[in-house]
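The analysis underlying the following values was restricted to heavy atoms, covering all of them including side chains, and did not include hydrogens, waters or symmetry mates.
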Amino acid sequence: MVEDRLNMITESINENSIDIDKISIEGALHLMNEEDKKVAFAVEKALPQIAKAIELTVSAINRGGRLIYIGSGTSGRLGVLDASECPPTFNTDPEMVKGIIAGGDTALRKALEGVEDNEEEAVSYLKQERLSNSDILIGISASGSTPYVLGALKYGRIIGASTVGIACNPESPMADLSDVMIEVIVGPEIISGSTRLKAGTAQKMVLNMISTITMVQMGKTYMNLMVDLQASNVKLRNRALNILKKVTSVKDEGEALRLLEHTGWSVKEAIVMEKTKLPAKKAKQYLKNSGGRVSKAIEMAENQISSGGVV
């Protein structure tokens, strides 16, 4: 196994940084920056596979399933981070996107030896989470060979969940266990084997794409604005007011406030009402029929109106 790891791209020696311990701080920073520039290009090559993963994710959520990330070390922390950002950013149920890390919450702050080698622990966590065939399971592993992640994907296959692998080595064992395999080959790290660097950056970029574009597809944005927010405090109510004034003809603060209060501070409903001049009940129905997508709801209402049909 040691020999196999040494042959992995993520574990190999980066010839560009062989003298990093001898050069100036600024020189080392330039070197690191040059290596980091390669990450976005590596991610670009994987866009077709990332798109397929997002399609599976949207499908899973539409059928009532969840998006579950699982990994160890840096990879696990990145999954937990991405999952934890979805509720405040997109007003999702905390159960919709979840992150599991080998060793549990303790491992978020403290490196735990050996937990990444335990396939049974991964299965135990997934059983606790009641993984089902409605869910999508995304395994994250820079090497692509972490036993904890492989065990999770094997169990996901048995359960019938959709499975996706994210790795930074080609032809990893994860590929045979994944419906979609995302390989982002960023090359050797400037510090050999330190996959929190380019590999970690690549994984973070991929996770950003998966969660963000999934939420866009789920109608969590209008244009590029976060319209599915919960206006639960002064800051968020001000944001709701500003969004409504920005995307509609309503410019008066008082009028915007009345409209939002009438909809129970539903920004999406208020936008559809103002754009179509429909009452709240009708706007809500069009939003429901459009799967929560504001643009689609407005289009459906306008088409109905222009055709002379009953709105």
Student: Once you round to the nearest 0.5 Å, how far does CD1 of Ile210 lie from CD1 of Ile213?
Tutor: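 CD1 of Ile213 is found 10.5 Å from CD1 of Ile210.
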Student: Before you tell me yes or no, could you show the steps for Leu236 and Gln230 under side-chain contact (heavy atoms from CB on, under 4.5 Å), namely the whole-Å CA-CA distance, both residues' side-chain angles and the distance that decides it to 0.1 Å?
Tutor: CA-CA 7 Å; Leu236 292 174; Gln230 280 188 326; 5.6 Å; no
Student: Do side-chain atoms of Thr212 reach the backbone of Met209 as a donor and acceptor pair under 3.5 angstrom?
Tutor: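 No.
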Student: Just by distance, do the side chain of Ser59 and the backbone of Glu55 share a donor-acceptor pair under 3.5 Å?
Tutor: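 No, the answer is negative, given that no donor and acceptor are paired below the 3.5 Å cut-off.
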Student: State the CE-OG distance between Met8 and Ser143, to the nearest 0.5 angstrom.
Tutor: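 Between atom CE of Met8 and atom OG of Ser143 there are 4.5 Å.
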Student: Looking at Arg66 and Glu129, is any side-chain nitrogen of the basic one under 4.0 Å from a carboxylate oxygen of the acidic one?
Tutor: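 Arg66 and Glu129: salt-bridged.
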Student: Starting at OG1 of Thr57, measure out to CD1 of Ile138 and round the result to the nearest 0.5 Å.
Tutor: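 Atom-to-atom, Thr57:OG1 and Ile138:CD1 are 4.5 Å apart.
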Student: Any side-chain donor-acceptor pair under 3.5 Å between Glu302 and Thr276?
Tutor: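 Thr276 and Glu302 do not have a side-chain donor-acceptor pair below 3.5 Å.
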Student: Going by heavy atoms in the side chains, are Val186 and Leu197 under 4.5 Å from each other?
Tutor: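 No, every pair of side-chain atoms sits at 4.5 Å or beyond.
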Student: How about CZ on Arg63, more than 12 heavy atoms from neighbouring residues, nucleotides or ligands closer than 6.0 Å, or not?
Tutor: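 For Arg63, atom CZ is crowded (more than 12 foreign heavy atoms under 6.0 Å).
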Student: Determine whether more than 12 heavy atoms belonging to other residues, nucleotides or ligands lie under 6.0 Å from atom NZ of Lys245.
Tutor: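 Counting neighbours around NZ of Lys245, more than 12 heavy atoms of other residues, nucleotides or ligands fall under 6.0 Å, so yes.
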Student: May I ask you to list the residues sharing a hydrophobic cluster with Ile13, side-chain cutoff 4.5 Å, ordered by chain and number?
Tutor: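 Ile18, listed by chain and number.
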Student: Nearest 0.5 Å, what's the OG-CD distance between Ser72 and Glu116?
Tutor: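 If we round to the nearest 0.5 Å, Ser72:OG and Glu116:CD are 4.5 Å apart.
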Student: Counting C-beta onward and ignoring hydrogens, is there a side-chain heavy-atom pair between Gln217 and Arg293 closer than 4.5 Å?
Tutor: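 Gln217 reaches Arg293 side chain to side chain.
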Student: A side-chain contact here means heavy atoms from C-beta on lying under 4.5 Å apart; do Thr221 and Phe90 qualify?
Tutor: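 In contact.
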Student: Could you list who else is in Ile100's hydrophobic cluster, with ILVMFWY side chains joined at under 4.5 Å, directly or through other members?
Tutor: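 Hydrophobic cluster check, Ile100: joined to Ile68, Ile70, Val123, Tyr125, Leu126, Leu131, Leu137, Tyr148, Val149, Leu150, Leu153, Tyr155, Ile159, Met174, Leu177, Met181.
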Student: Sorted by first residue and then second, give each salt bridge (Lys or Arg N to Asp or Glu O under 4.0 Å) pair with at least one member in residues 12-31; sequence neighbours left out.
Tutor: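 Qualifying pairs, neighbours excluded: Asp19-Lys22.
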Student: Using modelled atom types only, decide if a donor and an acceptor are shared between the side chain of Lys284 and the backbone of Glu269 within a distance under 3.5 Å.
Tutor: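 Checked: no pair found.
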Student: Side chains of Leu78 and Tyr69: does their closest heavy-atom pair fall under 4.5 Å?
Tutor: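 Not in contact.
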Student: Can you list, by chain and residue number, the hydrophobic cluster partners of Val250 when the side-chain cut-off is 4.5 Å?
Tutor: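 Once heavy-atom contacts under 4.5 Å are chained together, Val250 still belongs with nothing else.
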Student: Going by an N to O cut-off under 4.0 Å, is there a salt bridge joining Asp228 and Lys268?
Tutor: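 A salt bridge links Asp228 with Lys268.
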Student: Tell me if the CZ atom of Arg157 is crowded by more than 12 foreign heavy atoms within 6.0 Å.
Tutor: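 Yes - once you tally the heavy atoms of other residues, nucleotides and ligands closer than 6.0 Å, there are more than 12.
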Student: Taking side chain as C-beta onward, heavy atoms only, is Leu207 less than 4.5 Å from Ile166?
Tutor: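 Yes; the side chains approach each other to less than 4.5 Å.
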Student: I'd like to know if the side chain of Ser306 and the backbone of Asn303 have a donor-acceptor N/O pair within less than 3.5 Å.
Tutor: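 Checked: pair present.
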Student: Just by modelled atom types, is the Pro188 backbone N or O under 3.5 Å from a matching donor or acceptor in the Asn14 side chain?
Tutor: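 Looks like yes, one N/O pair under 3.5 Å.
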Student: I need the Thr163 OG1 to Leu56 CG distance, nearest 0.5 Å.
Tutor: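 One finds 8.5 Å between OG1 of Thr163 and CG of Leu56.
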Student: Do other residues, nucleotides or ligands put more than 12 heavy atoms under 6.0 Å from the NZ atom of Lys277?
Tutor: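 It does: Lys277 NZ has more than 12 such atoms within range.
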Student: Can you establish whether the number of heavy atoms outside Lys38 located under 6.0 Å from its atom NZ is more than 12?
Tutor: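 Yes, enclosed.
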Student: Is it the case that Asn16 and Glu35 place a side-chain donor and acceptor less than 3.5 Å from each other?
Tutor: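 Asn16 vs Glu35: donor-acceptor pair found between side chains.
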Student: Between CD1 of Ile182 and CD of Gln203, what distance do you get to the nearest 0.5 Å?
Tutor: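 Spacing of CD1 (Ile182) from CD (Gln203) equals 10.5 Å.
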Student: Using atom types as modelled and distance alone, determine if a side-chain donor or acceptor of Lys235 lies under 3.5 Å from a backbone N or O of Ser232.
Tutor: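 Flag not set: sc Lys235 to bb Ser232 has no pair under 3.5 Å.
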Student: Any side-chain to backbone donor/acceptor pair from Thr214 onto Ser211? Under 3.5 Å, distance only.
Tutor: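 Here the side-chain-to-backbone pair does not exist.
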Student: Do Glu183 and Gln49 make a side-chain contact, defined as non-hydrogen atoms from C-beta onward lying under 4.5 Å apart?
Tutor: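 Answer no - side chains too far apart.
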Student: Spell out, as yes or no, whether a donor-acceptor pair under 3.5 Å connects the side chain of Ser17 to the backbone of Ile190.
Tutor: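 Between the backbone of Ile190 and the side chain of Ser17 there is a qualifying donor-acceptor contact (under 3.5 Å).
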Student: Is Glu34 paired with Lys37 through a side-chain N to carboxylate O contact shorter than 4.0 Å?
Tutor: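 Looking at Lys37 and Glu34, the cut-off is met.
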Student: Quick one, Ile271 and Ile298 - any side-chain contact, counting heavy atoms below 4.5 Å?
Tutor: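 When only atoms from C-beta onward are counted, Ile298 and Ile271 do touch, with a gap below 4.5 Å.
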Student: Examine the side chains of Asn208 and Lys204 and answer whether a donor and an acceptor come within less than 3.5 Å of each other.
Tutor: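 Lys204 and Asn208 do have a side-chain donor-acceptor pair below 3.5 Å.
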Student: Asn169 and Thr10: side-chain donor and acceptor closer than 3.5 Å?
Tutor: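 Looking only at side-chain atoms, Thr10 and Asn169 do form a donor-acceptor pair, the distance falling under 3.5 Å.
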Student: Is the backbone of Gly165 close enough, under 3.5 Å, to the side chain of Ser178 for a donor and an acceptor to pair up by distance?
Tutor: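 At least one qualifying donor-acceptor pair exists.
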Student: Quick one, Asn118 and Pro147 - any side-chain contact, counting heavy atoms below 4.5 Å?
Tutor: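 The answer is no, as the side chains (C-beta and beyond) never meet within the 4.5 Å cut-off.
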Student: Can you list the other members of the hydrophobic cluster that holds Val115, where links are side-chain heavy atoms under 4.5 angstrom apart?
Tutor: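 Answer for Val115: Leu112.
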Student: Can you sort out the partners of Thr89 under side chain to side chain contact (heavy atoms under 4.5 Å, CB included), two or more places apart, ordered by chain and number?
Tutor: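 Glu85, Met226.
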Student: Does the side-chain contact (heavy atoms from CB on, under 4.5 Å) test come out yes or no for Ser145 and Ser172, once each step is laid out?
Tutor: CA-CA 6 Å; Ser145 61; Ser172 73; 5.8 Å; no
